[in-house]
J.: 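One structure follows; several queries about it will come next.
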Amino acid sequence: MTIDAWIAAHAARAPGSAAVFFEGEVWSYGELADRIDARAAALLAAGMRRGDRVAWLGLNHPEVFTLLFACARIGAVLAPLNWRLAAAEMTRIVEDSAPRLILHDDELAHRAAGLAAPGRAIAHHGGAIPPLAETSEGSGAPEGALLLVYTSGATGRPKGVVLSQTAIAANAEMSVAAHGMTGADRALVVLPLFHVGGLNILPTPAFSIGAAVELHRRFDPLAALTALGGGATLAIMVPTVLQAIMATEGWAETRLGAVRAISIGSTDVPRELIDMVHARGVPMMQIYGATETGPFAVYQGVHDAMATAGSIGREGALCRVRLMRPDGGEAQAGEPGEIWVKGPNILSAYWRNAEETAHAITDGWFHTGDIALRDEAGLYWFKDRIKHVVISGGENIYPAELERVLRSHPKVAEAAVVGRPDPGWGEIPVAVVVRKGDLTETEVLLAFNGVLARYKHPRAVVFVEALPRNAMGKVVAADVRKMIGA
């Protein structure tokens, strides 16, 4: 069974029940099913075949859900594009994923036009799809690829994570159980749907059981607060988003009686933030995972989130977790180790990258690159990251990307980028630079304009005489962080 059958079943049983709330409109399950039927038929009529990629370039919109389920039915692959990326970054991803069709919204029409190429159609999601080839028949399969989401790796090069329908269904099942989700729930989603956290922590699970999704086109703190006080029962956040909501006038007075839980992930969550939410009587559920795990891997449940505050929860119901020592042995209780995950929820492969896939997966076990320990009660506690990723405002920033830009500057002898704790963003990227001749902080920062997305740019530059290196000549990131007081 392909996952579009979820929608068809709910539409047959309760066609008038609410599926999506969006900017004053309500799509019923019957309407959503009709839109999926029409979109699937249009894709087939345009010439889409099994395995073809359909890219979405736009802000949050219910069209993303329509496309996802239509692709599931015909066997196509949805590739949501991160609109925050710089033009050069997006072009690399589009060239790698090679979509035959890019659908866009009004806001991103100008960006989409710049991605036109032979054999690739560009169309507004509300208009007709240009013919791509002769009409073909296609059908999806549960084990087939459905979602292609790009994430940068340790090298800073974007990697396409391939998630199957089976993986998305497994994530949905774990989320439904963790949240105690029912058809009466209304899930608030303000995070971008080009992230698996925005798409798969609440929306796809909600659709799997006939619950409703309230989708915001973009994050607005006041609108989100209004939703939390106006009918939302579940919500997915990252720390910076939640902090912005809590800083909104009216947070303390807003009644949250209908909110059963707020899920949070993407970074190590400050304990004081958890306690502040718990003080309002709302459980905050930590969810640990990665794009490659769909993202569910380790998580708290709604019923024990308050009692296990500070932990990232327990092993997922449908997956297995190991903590591995550097020597290849498995860590024991109380001993830190790298988190490995195995189960139907993990990626099928990295897109067209067999070498990276083989490096990341051993006998079905995905290596996350993160360190945790497990206590005697089976709770996991996040400790650190092996990868030197900087998580700022819920977004992953990979130093290798920034360091490549710095190395290309004629006045930079060498450079390293590390994260520094920040009360507003969690972390900020800081460039530590050995300069050749005269070089100012402004000159360094200007080098990133138009090359990398604005949110990836260093927030500060520190000039040093030399970078700390080990006996093998490699830069020691931990020592670089010490140099800047991080």
Side-chain angles (χ1 to χ4, degrees), residues 1-20 22 25-58 60-81 97-106 108-109 112 115-116 119-148 162-166 168-169 172 193 199 203-204 206-208 210 213 215:
M1 182 182 73
T2 53
I3 65 171
D4 60 291
W6 295 341
I7 310 301
H10 303 320
R13 186 181 65 253
S17 62
V20 181
F22 181 72
E25 295 184 23
V26 182
W27 292 17
S28 70
Y29 268 97
E31 291 169 326
L32 179 57
D34 289 344
R35 289 172 185 263
I36 292 168
D37 290 344
R39 179 57 76 196
L43 291 173
L44 286 174
M48 294 297 294
R49 299 187 296 272
R50 179 183 294 185
D52 286 345
R53 275 75 61 206
V54 179
W56 165 259
L57 178 55
N60 283 357
H61 193 280
E63 178 65 38
V64 178
F65 305 140
T66 302
L67 278 172
L68 179 73
F69 292 112
C71 286
R73 180 174 301 173
I74 70 172
V77 180
L78 175 62
L81 299 174
S97 59
R100 297 186 70 206
L101 171 65
I102 298 178
L103 291 178
H104 62 82
D105 64 4
D106 293 328
L108 278 297
L115 298 171
R120 181 185 306 147
I122 310 292
H124 186 276
H125 73 90
I129 301 175
L132 303 173
E134 293 184 3
T135 301
S136 61
E137 293 297 327
S139 61
E143 70 280 2
L146 175 58
L147 195 59
L148 177 57
V162 179
L163 294 174
S164 66
Q165 297 199 47
T166 298
I168 292 170
L193 296 179
L199 185 60
T204 48
F207 292 132
S208 76
V213 173
L215 181 67

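All residue numbers refer to positions in the sequence shown, counting from 1.
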J.: Using modelled atom types only, decide if a donor and an acceptor are shared between the side chain of Arg53 and the backbone of Leu148 within a distance under 3.5 Å.
T.: no
J.: Nearest 0.5 angstrom please: Leu132 CG to Arg49 CZ, how far?
T.: 9.0 Å
J.: Which heavy atom of Ile3 sits nearest a heavy atom of Ala72, and at what distance?
T.: CG1-CB, 3.8 Å
J.: Within a strict 4.5 Å, meaning less than it, do heavy atoms of the Met48 and Ile74 side chains meet?
T.: yes
J.: Are the side chains of Leu68 and Thr204 in touch, meaning some heavy atoms are under 4.5 Å apart?
T.: yes
J.: Would the distance check show the side chain of Gln165 and the main-chain N or O of Gly144 forming a donor-acceptor pair, the cut-off being under 3.5 Å?
T.: no
J.: Quick one: are Pro99 and Val54 in side-chain contact, heavy atoms under 4.5 Å?
T.: no
J.: Mark yes or no for whether Ser28, through its side chain, and Ser17, through its backbone, hold a donor-acceptor pair below 3.5 Å.
T.: no
J.: So Val64 and Pro80, do their side chains get closer than 4.5 Å, heavy atoms only?
T.: no
J.: Distance-only, no hydrogens or angles: does the His104 side chain make a donor-acceptor pair with backbone N or O of Trp56 under 3.5 Å?
T.: no
J.: Please determine whether side chain to side chain contact (heavy atoms under 4.5 Å, CB included) holds for the pair Leu146 and Leu163, giving the CA-CA distance in whole Å, both sets of side-chain angles, and the decisive distance to 0.1 Å.
T.: CA-CA 6 Å; Leu146 175 58; Leu163 294 174; over 6 Å; no
J.: His61 vs His125, test: ring pair (Phe, Tyr, Trp, His ring centres under 6.0 Å). Steps then yes/no.
T.: CA-CA 10 Å; His61 193 280; His125 73 90; 4.5 Å; yes
J.: Specify the closest pair of heavy atoms between Leu67 and Leu103, including all atoms of both residues, with the distance to one decimal.
T.: CD2-CD1, 3.7 Å
J.: Just checking, any donor-acceptor pair under 3.5 angstrom between side chains of His124 and Asp105?
T.: no
J.: Exactly one of Tyr29, Trp27, Phe207, Phe69 should register a ring-ring contact (aromatic ring centres under 6.0 Å, His included) with His10. Which one does?
T.: Tyr29
J.: Among pairs that include at least one residue of residues 27-46, which meet salt bridge (Lys or Arg N to Asp or Glu O under 4.0 Å), considering only residues two or more places apart or in two chains?
T.: Asp37-Arg73, Arg39-Glu63
J.: Would you give the length of the straight line joining atom CG of Leu115 to atom CD1 of Ile102, rounded to the nearest 0.5 angstrom?
T.: 4.5 Å
J.: Any heavy-atom pair between the side chains of Asp52 and Val77 that's under 4.5 Å?
T.: no
J.: Between Pro203 and Val213, which heavy-atom pair has the shortest distance, and what is it?
T.: CA-CG2, 3.9 Å
J.: About how many Å separate CG of Leu81 and CG of Leu57, when rounded to the nearest 0.5 Å?
T.: 5.5 Å
J.: On a heavy-atom basis, which atom in Ala70 and which in Ala40 lie closest, and how many Å separate them?
T.: CB-N, 3.7 Å
J.: Checking Leu199 against Phe65 for the side chain to side chain contact (heavy atoms under 4.5 Å, CB included) test, could you report, in this order, the C-alpha distance in whole Å, the side-chain angles of both residues, the deciding distance, and whether it holds?
T.: CA-CA 9 Å; Leu199 185 60; Phe65 305 140; 3.9 Å; yes
J.: Please examine the side chains of Ile129 and Leu43, heavy atoms only from C-beta on, and report whether any two atoms are closer than 4.5 Å.
T.: yes
J.: So which heavy atom on Ala145 is nearest to which on Val162, and how close?
T.: CB-CG1, 3.5 Å
J.: Looking at Leu32 and Ala19, what are the two nearest heavy atoms and their distance?
T.: CD2-CB, 4.0 Å
J.: Does any N or O in the side chain of Asn60 come within less than 3.5 Å of the main-chain N or O of Leu193, such that one atom is a donor and the other an acceptor?
T.: yes
